[in-house]
Amino acid sequence: MNDFKDFFIKYRGAIIGGIVSIVALILNLHKVLLAIALIIFGILIGNYIQHNKELVKEKLKSYIDKM
């Protein structure tokens, strides 16, 4: 019994994460989570471009010139 307790204490984060992911798959929440992740990714990219306009322009120009 003590071994099981030590195992659970050592890996409780992974166990809880596994249970949450199983519940998310059962409830088809992966589609919602993917959409939210895509929205957040778009927000971060937009913010980066807004704050680094000149750097992004230079990188795009060099990429287009290589093509």
Side-chain angles (χ1 to χ4, degrees):
M1 187 66 174
N2 200 16
D3 292 335
F4 180 73
K5 183 179 175 184
D6 291 339
F7 175 80
F8 187 75
I9 289 172
K10 186 174 182 181
Y11 296 108
R12 70 176 153 213
I15 293 169
I16 292 171
I19 291 171
V20 168
S21 63
I22 289 170
V23 170
L25 286 174
I26 290 172
L27 298 176
N28 283 329
L29 293 177
H30 62 280
K31 295 176 185 176
V32 174
L33 294 175
L34 183 63
I36 291 171
L38 188 62
I39 290 169
I40 290 172
F41 183 71
I43 290 170
L44 292 174
I45 293 295
N47 188 35
Y48 176 79
I49 291 173
Q50 181 181 2
H51 289 287
N52 300 305
K53 287 180 187 176
E54 296 302 319
L55 181 64
V56 171
K57 284 181 184 178
E58 290 175 18
K59 286 184 180 181
L60 282 175
K61 284 181 184 178
S62 67
Y63 180 71
I64 290 172
D65 289 340
K66 287 180 184 179
M67 293 177 87

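Both F8 and Y11 belong to a single network of hydrophobic side chains, linked directly or stepwise wherever heavy atoms of I, L, V, M, F, W or Y lie under 4.5 Å apart. Cluster annotation: I49 and F41 are assigned to the same hydrophobic cluster (Ile/Leu/Val/Met/Phe/Trp/Tyr, side-chain heavy-atom contacts under 4.5 Å, transitive). Cluster annotation: I36 is connected to L44 through the hydrophobic network of ILVMFWY side chains, with a link wherever side-chain heavy atoms come within less than 4.5 Å.
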Can you give the donor-acceptor pairs under 3.5 Å from side chains of residues 20-30 to other protein atoms, not counting sequence neighbours?
residue : atom : partner : partner atom : Å
S21     : OG   : G17     : O            : 3.2
S21     : OG   : G18     : O            : 2.8

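Here CD1 of I45 is found 13.0 Å from CD1 of I40. Values are rounded to the nearest 0.5 Å. To the nearest 0.5 angstrom, N52 atom CG is 9.0 Å from N47 atom CG.
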